[in-house]
There are 2 protein chains.
Amino acid sequence: MEAARRQSRALRTREQILAAAVEVMVGHGYAGLTMQRVQTAAGVTRGALTHHFSSMRELAVAAVDYVAAAQAGEIEAAVADAGPAELIEVLHEVTRRPTYVAGLELWVAARTDPELRAALRPGARQLGRQLREPLLLLVGDLDDERLEVFADGLLSLLRGLAVGGVLRDRPALEKAVLAAWLGAFGAQATTGAG
Amino acid sequence: MEAARRQSRALRTREQILAAAVEVMVGHGYAGLTMQRVQTAAGVTRGALTHHFSSMRELAVAAVDYVAAAQAGEIEAAVADAGPAELIEVLHEVTRRPTYVAGLELWVAARTDPELRAALRPGARQLGRQLREPLLLLVGDLDDERLEVFADGLLSLLRGLAVGGVLRDRPALEKAVLAAWLGAFGAQATTGAG
DNA sequence: ATGAAAACAGACTGTATGGTCTGTTTTGTG
DNA sequence: CACAAAACAGACCATACAGTCTGTTTTCAT
């Protein structure tokens, strides 16, 4: 609808800006995400930046969507390649990355920012839908209700571990925690003890 | 060491400032925590504010310690009153509160702020220690390693649910998730289905 | 009571920020 | 090749911010 008359050069700079925004967010946090830093990192002028993103929040949201799309792609690819058995490991690896934790900064900030909240919701829902099927394969036969508990708990666990990882780094413990969750639902993890 | 020669009036205003800081953080988020707002909410001048907290981060950290202490007190009281059986419910209730989620904003922001990280670590460790004993009572006999997995997983789960609660509100699902975690370790929850 | 130190008051400053605005260049189209 | 619209350039601005500084008042030990 809006990308209809978008030119190739524009797409390239847009990409540069988004990549730079992610880079800044990862390096300086959400609080340190400023237009100045983004335009410098992207090698782009203020005019170009504001032309593509008319407000800071718009840029922030676009940046999160950007990484979310990349992560969704990674996950999908991993499932296609290795099957659902390795899904958990991939999810754990992805959610441990600074980009994901940076995204969580936006997530919690959305508590007091309705527009941000509205912008973030679709991505979160989509991830849930994307995981439903491979998780079902992983865990065998489960009624819908139990599956929802399993999936939601898994994602919550991953989020909580990602937050926890900021203050301490204990990957082996995290793997044990995940294995326990899977075990509770009769699924085997491929997570070897670290 | 520093509270030695502190006068009673000073303690009162310090309390006002901290309460106001929490109020502002809850209402406007970490990004919206400004000295202007705090001094207005506290009914205190800039001079008083800076006299007690010489930097913004110092105030933020003190505010988080302030709520952490209050929460620790609540948890301890709940355990003393109702026993470890209701511990989970209390923890869930506490971590669902806006004050806790606001604290998580600081937590994730600490990723790119070493001083903040250093300031937050003690509180997190202390909570873990505080919960070890009642959780052990709750779950029966468990070797140290399994207990650590149980406790860390529980806290991670609660954190993740708290973050998730920003975008959606499904308390019943959350309770089911927690019940599943407890069940995996042979503990019974008192959580009735909502 | 008194004097020194702590507590508070409030004006002030330098700076960084998001956003705007006017122009210039590049692109696609007829 | 013309020409309109999109893309970009970069100076500019109002504002809000954290932190400082100089005074005044309150507290408390003596």
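Residue numbers begin at 1 in each chain, while the letters A, B, ... track the order of the sequences.
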note: B:M35, atom CE; C:dG14, atom P; distance rounded to Å ~ 19 Å
Of all heavy-atom pairs linking A:R37 and A:G32, the shortest is NH1-O, 2.6 Å
Look at all strands and tell whether A:I17 reaches a base, only sugar-phosphate, or nothing, counting heavy atoms closer than 4.0 Å.
nothing
From CG of B:L33 across to P of D:dA16 the rounded distance in Å is 17 Å
Rounded to whole Å, CZ of B:F53 lies from P of C:dA7 at a distance of 12 Å
**Message:** Other residues, nucleotides and ligands only: do more than 12 of their heavy atoms fall within 6.0 Å of CD on B:E58?
**Reply:** yes
Atom CE of B:M56 and atom P of C:dA16 are separated, to the nearest Å, by 19 Å
>> Counting only heavy atoms not in B:D143 (residues, nucleotides, ligands), do more than 12 fall under 6.0 Å from its CG?
In response: yes
inquiry  = Tell me whether the count of non-hydrogen atoms from other residues, nucleotides or ligands lying under 6.0 Å of CZ in A:R125 goes above 12.
reply    = no
Strictly under 3.5 Å: I want the nitrogen or oxygen pairs between protein and nucleotides 8-11 of chain D, one per line.
residue, atom, partner, partner atom, Å
D:dC8, OP1, A:T13, OG1, 3.0
D:dC8, OP2, A:T13, OG1, 3.1
D:dC8, OP2, A:H52, NE2, 2.4
D:dA9, OP2, A:T45, OG1, 3.0
D:dA9, O5', A:T45, OG1, 3.4
D:dG10, N7, A:G47, N, 3.1

Here the distance between atom P of C:dA11 and atom CD of B:Q39, to the nearest Å, is 11 Å
### Task
Using the rule that two of Ile, Leu, Val, Met, Phe, Trp, Tyr join whenever any of their side-chain heavy atoms come within less than 4.5 Å, decide whether B:L120 and B:M56 are in one cluster.
yes
note: B:Q36, atom CD; C:dT17, atom C1'; distance rounded to Å ~ 17 Å
request  = Could you tell me whether the side chains of B:S156 and B:R159 share a donor-acceptor contact shorter than 3.5 Å?
outcome  = yes
